[in-house]
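Inspection log for the structure reproduced underneath, given as structure tokens.
Here is how names work: the chains are called A, B, and so on, in the same order as the sequence lines, proteins then strands, and each is numbered from 1. The model shown is predicted, which means the values in this text are computed figures rather than measured ones.
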2 protein chains.
Amino acid sequence: MKLTSRSEYALLALVFLARSDSAHHISVETIARAQNIPPKFLEQIMLALKHGKYVHSVKGQRGGYRLAKAPDKISLAEVIRLFDGALAPTESVSKYFYETTPIEKEKNLLRVFRQVRDQVAEILETTTIADVV
Amino acid sequence: MKLTSRSEYALLALVFLARSDSAHHISVETIARAQNIPPKFLEQIMLALKHGKYVHSVKGQRGGYRLAKAPDKISLAEVIRLFDGALAPTESVSKYFYETTPIEKEKNLLRVFRQVRDQVAEILETTTIADVV
DNA sequence: CATATTCCTAGTAAAGTAGTAGGAATAATA
DNA sequence: TATTATTCCTACTACTTTACTAGGAATATG
């Protein structure tokens with residue numbers, strides 16, 4: 001279970017926004033400084049979060065971002081999925097296994113992989129940004 | 001949670017050996033054909049398993065591999081660790097988080113990551129090759 | 001001596017990762 | 001109106017990892 005920097009930075013940014021006064025918008029610069037994230041990189045990440053409808057943006061001076069959903073409506077799982085692709089579907093837990101093995105024979109191994117996936121998903125689906133704030 | 005092909009192939013090879021008659025040794029060629037693994041790649045993997053003391057080998061004609069431990073003494077976790085490095089220590093779950101973030105502030109996020117790690121570890125540590133066979 | 005095997009090292013092509021660079025669009029402000 | 005602060009968007013790049021392949025030395029068996 002390894003997260004990419006993208007999804008970690010995304011979570012950190014969302015958490016920061018959730019903690020901020022939702023009245024005004026917050027710039028990438030501000031978030032980047034607070035959470036210690038490379039600003040230009042965070043710019044990309046915020047853009048993706050915007051496209052994913054997790055944040056709202058306003059351009060221009062005094063512009064920036066704010067959450068587009070209530071923090072308790074954003075699970076860690078969906079954010080991680082947005083950046084790292086599928087969270088842990090069986091195919092991702094076990095890509096080569098699926099592609100190359102006569103599965104009938106090794107379905108016990110498969111069962112364990114699925115169990116892992118389910119446990120990870122369970123935790124990340126049920127934990128929200130609000131829980132972290 | 002994504003396994004590399006190496007650790008999946010290693011597990012498949014060990015499972016195959018565990019199911020085989022332990023009296024004689026089994027060649028890479030045989031395992032590779034049975035489990036549909038690129039033979040030269042499997043060669044490397046078997047070598048690593050040998051260095052990790054999971055299998056025993058005999059060179060030359062009629063040579064090959066056999067398990068060096070009882071199948072119920074080999075957990076999936078240790079095999080995966082051998083190939084994919086740390087299974088899911090907190091640092092790996094959350095590399096950038098650790099390196100770049102004032103952790104004090106985001107220790108709730110950290111707690112979730114740890115919870116995921118622990119769950120994954122729990123399953124993989126307690127499941128052995130014997131359970132899969 | 002031929003053959004079947006493990007042992008070991010090096011190389012390689014493709015993909016993924018973590019960024020950087022730079023400029024267009026837009027909104028507030030001086 | 002000009003400047004400035006911001007988002008928006010695309011392209012690029014350096015690095016690492018991944019999944020192999022190649023080839024030959026060592027060694028045991030027939």
Nearest-nucleotide pick for B/S5, side chain only, options being C/dG19, D/dT7, D/dA19: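 Nucleotide nearest to B/S5's side chain: D/dA19.
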A/Q61 side-chain proximity, nearest of D/dA5, C/dA18, D/dC8: D/dA5
Salt-bridge present (B/R81, B/E78; N to O < 4.0 Å): no
Quick one about [Y] and [X] (side-chain donor to acceptor, distance below 3.5 Å, no hydrogens or angles considered), yes or no?
X: A/Q35; Y: B/E106; value: yes
X: B/D72; Y: B/T128; value: no
X: B/E8; Y: B/S5; value: no

Rounded distance in Å - [atom1] ([X]) to [atom2] ([N]):
X: B/I45; N: C/dC8; atom1: CD1; atom2: P; answer: 16 Å
X: A/R66; N: D/dT7; atom1: CZ; atom2: C1'; answer: 15 Å
X: B/L49; N: C/dT6; atom1: CG; atom2: P; answer: 13 Å
X: B/L47; N: D/dT27; atom1: CG; atom2: P; answer: 14 Å
X: A/N36; N: C/dA18; atom1: CG; atom2: C1'; answer: 15 Å
X: A/Y9; N: C/dG19; atom1: OH; atom2: C1'; answer: 9 Å
X: B/D84; N: D/dA19; atom1: CG; atom2: C1'; answer: 13 Å
X: A/R6; N: C/dG19; atom1: CZ; atom2: P; answer: 10 Å

Nearest-nucleotide comparison on DNA chain C, the residue closer to the 5′ end among B/M46 and A/R62: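 Of the two residues, B/M46 wins.
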Can you tell me if the side-chain N/O atoms of [X] get under 4.0 Å from OP1 or OP2 in [N]?
X: A/Y65; N: D/dT6; answer: no
X: B/S27; N: C/dA4; answer: no
X: B/T4; N: D/dT17; answer: no

Side chain to side chain contact (heavy atoms under 4.5 Å, CB included) assessment of A/T4 paired with A/Y9: CA-CA 9 Å; A/T4 61; A/Y9 291 159; over 6 Å; no
Pick out the pairs of N or O atoms, protein on one side and nucleotides 20-25 of chain C on the other, that lie under 3.5 Å.
residue	atom	partner	partner atom	Å
C/dT20	O4	A/Q44	NE2	2.3
C/dG22	N7	A/K40	NZ	3.4
C/dG22	O6	A/K40	NZ	2.4

Sugar-phosphate only, base, or nothing, as touched by B/H51 at under 4.0 Å among non-hydrogen atoms: sugar-phosphate
Closest-nucleotide 5' rank along DNA chain D - winner of A/G64 and B/V58: A/G64
Donor-acceptor contact below 3.5 Å, side chain B/T127 vs main chain B/L124: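 No: the side chain of B/T127 does not pair with the backbone of B/L124.
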Any donor-acceptor pair under 3.5 Å from A/T30 side chain to A/I26 backbone: no
